[in-house]
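First comes the structure, then the notes that go with it.
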Amino acid sequence: MRNRGIGRGRMFMGALLLFAAVIAWGTTLMMSPHGDALAPGTEHVRSTVVVFLRNSAIGNMILCALAGWLLFPARRPRAPRRDWAICTILGVIVLTSLYQLFWLRSVVH
C-alpha cells in the first residue's frame, strides 16, 4: 500500500513556502526605494538598505525554488489550471526579484 499522506504533506509544505515567498516579496517590494528622492542626512543608510533588499531577493528566489519543487508532483493532472496559476505566481516573484538585483547593482555601482 502506498502512503498518500506524503503527497499531501508535500503540497501543504509547498503551499506554505509559496505563501511565505509572497509575503516576503510583497514586503520587500513595498520597501524598495525606487526614485531619486533622498532625504538629507540619510546617505549612511543606503548600504544597509541595499544589503537587505539583495538578501531578500535571493531569499525569495530560494523560497520559490523550494515551493516549486514541492508543489509539482510527478503525475500531471488532466487540466493543469492550478499548475499554470502556480507557475505564474512563481514567475512574477522570480522576475521581480531578478529585476531588483539588477536594479540594486546599477544603483550601487
Side-chain angles (χ1 to χ4, degrees):
M1 290 204 141
R2 189 176 141 197
N3 187 358
R4 293 186 181 263
I6 293 173
R8 289 186 182 134
R10 281 186 66 170
M11 291 293 288
F12 172 76
M13 198 62 194
L16 184 67
L17 286 173
L18 182 61
F19 184 64
V22 169
I23 289 174
W25 170 76
T27 303
T28 56
L29 195 65
M30 287 186 284
M31 293 183 67
S32 186
H34 282 79
D36 293 331
L38 184 66
T42 60
E43 296 84 12
H44 64 283
V45 182
R46 184 181 203 119
S47 63
T48 305
V49 171
V50 166
V51 169
F52 170 74
L53 289 176
R54 184 198 65 210
N55 291 344
S56 296
I58 293 169
N60 283 338
M61 289 189 287
I62 291 170
L63 281 174
C64 285
L66 286 172
W69 177 63
L70 290 172
L71 285 172
F72 288 104
R75 289 181 28 211
R76 308 300 327 145
R78 294 185 197 270
R81 289 184 297 272
R82 179 190 66 94
D83 290 349
W84 284 109
I86 291 171
C87 282
T88 302
I89 293 170
L90 291 173
V92 167
I93 293 174
V94 168
L95 288 175
T96 54
S97 294
L98 286 173
Y99 168 75
Q100 196 169 26
L101 288 174
F102 289 122
W103 177 77
L104 287 172
R105 186 169 175 89
S106 69
V107 169
V108 173
H109 296 301

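Using a distance-only test at 3.5 Å, with no hydrogens or angles considered, a donor-acceptor pair links the side chain of Arg10 to the main chain of Trp69.
Linking Ile, Leu, Val, Met, Phe, Trp and Tyr residues whenever their side-chain heavy atoms come within less than 4.5 Å leaves Ile58 and Val51 in two separate clusters.
To the nearest 0.5 Å, the span separating CG on Leu53 from OG1 on Thr48 amounts to 11.0 Å. To the nearest 0.5 Å, the span separating CG on Leu66 from CG on Leu16 amounts to 11.5 Å. If you take SG on Cys87 and CG on Leu71, they are separated by 10.0 Å, rounding to the nearest 0.5 Å. Between the CG atom of Leu101 and the OG atom of Ser106 there is a distance of 11.0 Å, given to the nearest 0.5 Å. Atoms OG1 and CZ, from Thr27 and Phe52 in turn, are 7.5 Å apart once rounded to the nearest 0.5 Å. Note that CZ of Phe12 is 9.5 Å distant from CG of Leu17, once rounded to the nearest 0.5 Å.
Minimum heavy-atom separation, Gly14 to Ala67: O-CB, 3.6 Å. The minimum heavy-atom distance between Trp25 and Thr96, with the atom names listed, is NE1-OG1, 2.5 Å. The heavy-atom pair separating Phe72 from Gly68 by the smallest distance is CD1-O, 2.9 Å. Ser56 approaches Thr28 most closely through the heavy-atom pair CB-CG2, 3.0 Å.
You'll find the side chain of Met11 stays beyond 4.5 Å of the side chain of Leu70, heavy atoms only. Considering only heavy atoms from C-beta on, Ile23 comes within 4.5 Å of Phe19 through its side chain.
Across Leu63, Thr88, Leu98, Asn60, a single residue satisfies side chain to side chain contact (heavy atoms under 4.5 Å, CB included) together with Ile93, and that is Asn60.
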